[in-house]
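Data block below; observations after.
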Amino acid sequence: MVIEFHLSARSGVAPYMQLVQQVRQALRLGVLAEGDQLPTVKDVVAKVAINPNTVLKAYRELEHEGLVAPRPGKGTFVTRTLSDASLAAHEPLREDLREWLAKARRAGLDEESIEALFTTTFRTTSK
Amino acid sequence: MIWLTWRQHRSQIVVAFAALGAVAITLAITGVQLRHSYDDTLAGCRAHGGCGTALAAFGSQYGLLETYVSAVLIAVPGLIGAFWGAPLVTRELETGTYQLAWSQSVPRTRWLVVKLGSVAAAGMAASGLLSLLVTWWAGPLDHAHADRFTPEAFAARGVVPIGYAAFAVALGVVSGVLIRRTVPAMAVTLAVFAAVQIVMPLAVRPVLMPPARSTVALDAGTLAAASSIEVRGSGSDSRLYVGLSHPDSWVLSKDPAVDPAGRAYQGAESCLAAGQAQFTACVAEAGLQQAETYQPADRYWRFQWFEAAIFLALAGGLAGLGLWAVRRLE
Amino acid sequence: MTAMLEASGLSKLYGRHEALSDCTLSVPAGRVVGLVGANGAGKTTLLKMACGLVAPTSGTIKVLGESPAADAAQLAKVGYVAQDTPVYARLSVADHLRLGARLNPSWDHGLAERRIRQLGLNPAQRAGTLSGGQRAQLALALAVAKLPELLILDEPVASLDPLARRTFLRNLMEYVAEHSAGVVLSSHLVADLERVCDYLVVLAGSRVRLAGEVDELLATHVRITGPRRDPGTLPTGVEVIQADHTDRQSTFIVRTDTPIDDSNCSVGELSLEDLVLTYMAQAATEPGHGILSEAAR
C-alpha cells in the first residue's frame, strides 16, 4: 500500500471527505504521483474500520475532480497531480486574502465575525 | 446435528455407561452367587420332598437385595428423564446458547427432533441393557417367589423400562420447554414420573385386559396349600380371606369366602377359637368357596409389550407437544 | 432491489409492557445500519425479531424479502451475534468451527480457520476460558463463515476494550467489503457508528424516531442559533425538531431540504451524536407522541 488513511472523529468533516482531503494532501506533498495505485477498498477497510461505501464515495469524488480514474479489474489509479497551474494561483490568492483580512480587522470585526462572514459567504456561493 | 448432540452430552453419556458397566459387573458376580445358592437349595429340598418352605426361605434371604435392585431399575428411567431430558433445552435457554444454536441453518424443530431423539435413544438403550441384566439376575428369585406379575416386580423386568425411559426423556424435555428453568423442570419431571409409576399399577394396568375370575372350593387340600389365611373383622362383620396359590399371576382382588348359599362366611372367628390345629378342618367342613379376580400368568408378556407401547405412545405425544411449544418459544 | 429489512406496523408486547410499538422501516440492501437507542428502547427486541428468535405481536417484518427463520435456506442467509456473545463453554474453539461446518451448508471452513489464526486463538482452547473480546471475535467468525447476506449484531462491542473493538469492526468491514453483505448493528458508541454506518435508525420509547441514510440526515439537519424568536418566523419548509429558548436567545434544531440563508442567525452543522441525542430527547419529553421521521429517498 502506497498511502494509509486515518479517520479523525473530531474533525467535523464527513469521513469520505477526510479521505478525499488526505489523497489531495498526498498529491500535494508528492507522496502520490501520477500512475500510482490507490489502496483497494478491501485494503483500506482492513486497516481502518470504515464503511467500504465511504471509500467508494471518496474515490468517486476524486474521480469527479479528475484526480483519479478506475481501471476495470486492476484498481484506481492517479491520473494527474494537483496542477501546477492551480499551485501557481495560490500565492497571489494568499496575498489577496491577507489584504482582505487586514481590511476586515481595520473595520472592527473580531475573529468570530470574520470567520462567520467567510463561512456563510463560502457556503452560499459554493451551492 | 447428531455430532453436536453427541458432543454436548458426551460426558453425561460416558459417565452413565461407565456406571452401567460397574452395575453390570456387580450384578454378574452376585447373580452367579445367587444361582449357585438357588441350585443348592433346590437340590437339597427335592431330596427331602416339598420345596415350598425352602424356596420361601431362599427368597426372603435375598429379599432386601432384590428390593434395592428393582428400585434402582424403576428409578433409572426417571433419573434419565430428569438429568438428561430436562436440561436439554433449559441449559441452552439459561446460558443463552440457544441464540447461537437457532441462528445456524437448522430450523428449531429439526434441532429439537434430533436432540430429543438421540437422548431418548441413549436412555432407552441404557434402560434396556439394565433391564436385561436385572431380569437375568433376578431369575432364580422370580422362580422362588413366582410373583413377577405383581407391581413390585413388573416395572423392574422385561421391556417396560425401555418404554419408561422414552417417556421420561420426552417428559423431561417438554417440562424444560414449558418451564424454561432447569431445576423446576427436573423436579416436575421426577414428580410426574413418580406419580405415573404409582397410578399405572393401581388404576391402568389392572384393566388393560379384562381380568379373569376364578372360583375355588375351599377344601382341606386347598386350605393346606394356601399361601395365606386372613380373618378380618369380628362378630357379624367377620370375613375369611384365603390366599390361593396362583404362581406368576397377578391377583387383583379376593372376595371373602362364601358358604354354599352364597352368603359371606362369618364363622372363621369361632373356628379360630377351636385352636390352630383344628382350624383347617373346621373351615373345610363349612364347604366354602372363594372367588378371585386376577390376570393369568400367560398374559405376562402381552402386558409387558402393551405397557411398553403405551409409554412409547405417550412419549410420542409429548414429543409432539414439545415441538409445538418450541416453535412458540421466545 | 429487495429491501434488506422491511417492517410494517411492527409491535411487540410482553404482557403489559410494550417493547416495540408500530415500527415501520424500509432499509435498502447493502447498507451498514446503525441502530441506536436507550436501553430498553426495543433494540434487542427488533434484532431478535429480524432473526426469527422472537415473533411479532402485530405487524410484519421481512428480512431479505422473506419471513425471518422461515426455513433452513433463509437461516443460512442471515448471521447473528447475540448480546454477550454466548458460546458453548465446554466446547473448544475448533469444536465451534465444526459445529458451524456441520450445521451450515454454505460454510467456508477456510475462511473460518484463517480468521481464528489471524486472531491468534488456540483451537484447542475451551470457549468458556476465552476473554470477552476473543469470544466476540469467535462469535463473529462463526456468523461470517456461513457467508451470510446479512449480519445482525446486538451490541457486539459493548464490553470490549478499545483495541478489541477496533479490531472487531475492521474484521466486520472486511467481510462487508469482500461479500457486499449488509449489516444491522446496535450500539451506544456513536463514534463507532460514525465510522462504519451509512444508515441510521434511532429507537426511543419503543418507537422509530428517525431512519435514513446518514449522509442525507446530516445534510438536512442544522442547528439555528439567534436572538429569541417564534418558531413560526423561521423560513417555510423548515421542520422544527427541538426548540430551546432563554430570555434573549433561541436555539432550534431543524430539518430542512433547502439551505438556510438568514443573516440574522448562525447556522451550524450537527454531529451524528447531536442528531441521535436530539431525537432520543424528543421521545423523552413527549412520551405519548412519537414523530416518525424518515428520510425521503
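The chains referred to below are lettered A, B, ... by the order of the sequence lines, with proteins before strands, and numbering in each begins at 1. All values below come from the heavy atoms of this structure, side chains included, with hydrogens, waters and symmetry mates left out. Note that the structure is a prediction, hence the values are computed from the model and not measured.
- If you measure heavy-atom distances from V267(C) to chain A, the contacts under 4.5 Å come from the backbone alone.
- Counting heavy atoms from C-beta outward, E95(A) and W100(A) have side chains that stay 4.5 Å or more apart.
- A side-chain donor-acceptor contact under 3.5 Å links S106(C) to the backbone of K146(C).
- The candidate with the highest count of non-hydrogen atom pairs below 4.5 Å against chain A, out of M173(C), R166(C), E174(C), E194(C), is M173(C).
- When side chains are defined from C-beta on, D244(C) does not count as touching I253(C), because their heavy atoms never get closer than 4.5 Å.
- Side-chain N or O atoms of S250(C) include one that pairs as donor or acceptor with a backbone N or O of R229(C) at under 3.5 Å.
- Taking non-hydrogen atoms and a 4.5 Å limit, the residue list of residues 43-53 of chain A in contact with chain C, ordered by number, reads V45(A), A46(A), K47(A), V48(A), A49(A), I50(A), N51(A), P52(A), N53(A).
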Q: For the pair Y59(A) and H64(A), evaluate ring-ring contact (aromatic ring centres under 6.0 Å, His included) and give the outcome as yes or no after the intermediate values.
A: CA-CA 9 Å; Y59(A) 285 11; H64(A) 182 67; over 10 Å; no
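- Between R135(C) and D84(C) there is no salt bridge, since none of the side-chain N atoms of the basic residue sits less than 4.0 Å from a carboxylate O of the acidic one.
- Contacts of D215(C) with chain A are made by side-chain atoms alone, with heavy-atom separations under 4.5 Å and no backbone atom involved.
- Formation of a donor-acceptor pair under 3.5 Å by the R31(C) side chain with backbone atoms of A29(C) is found in this model.
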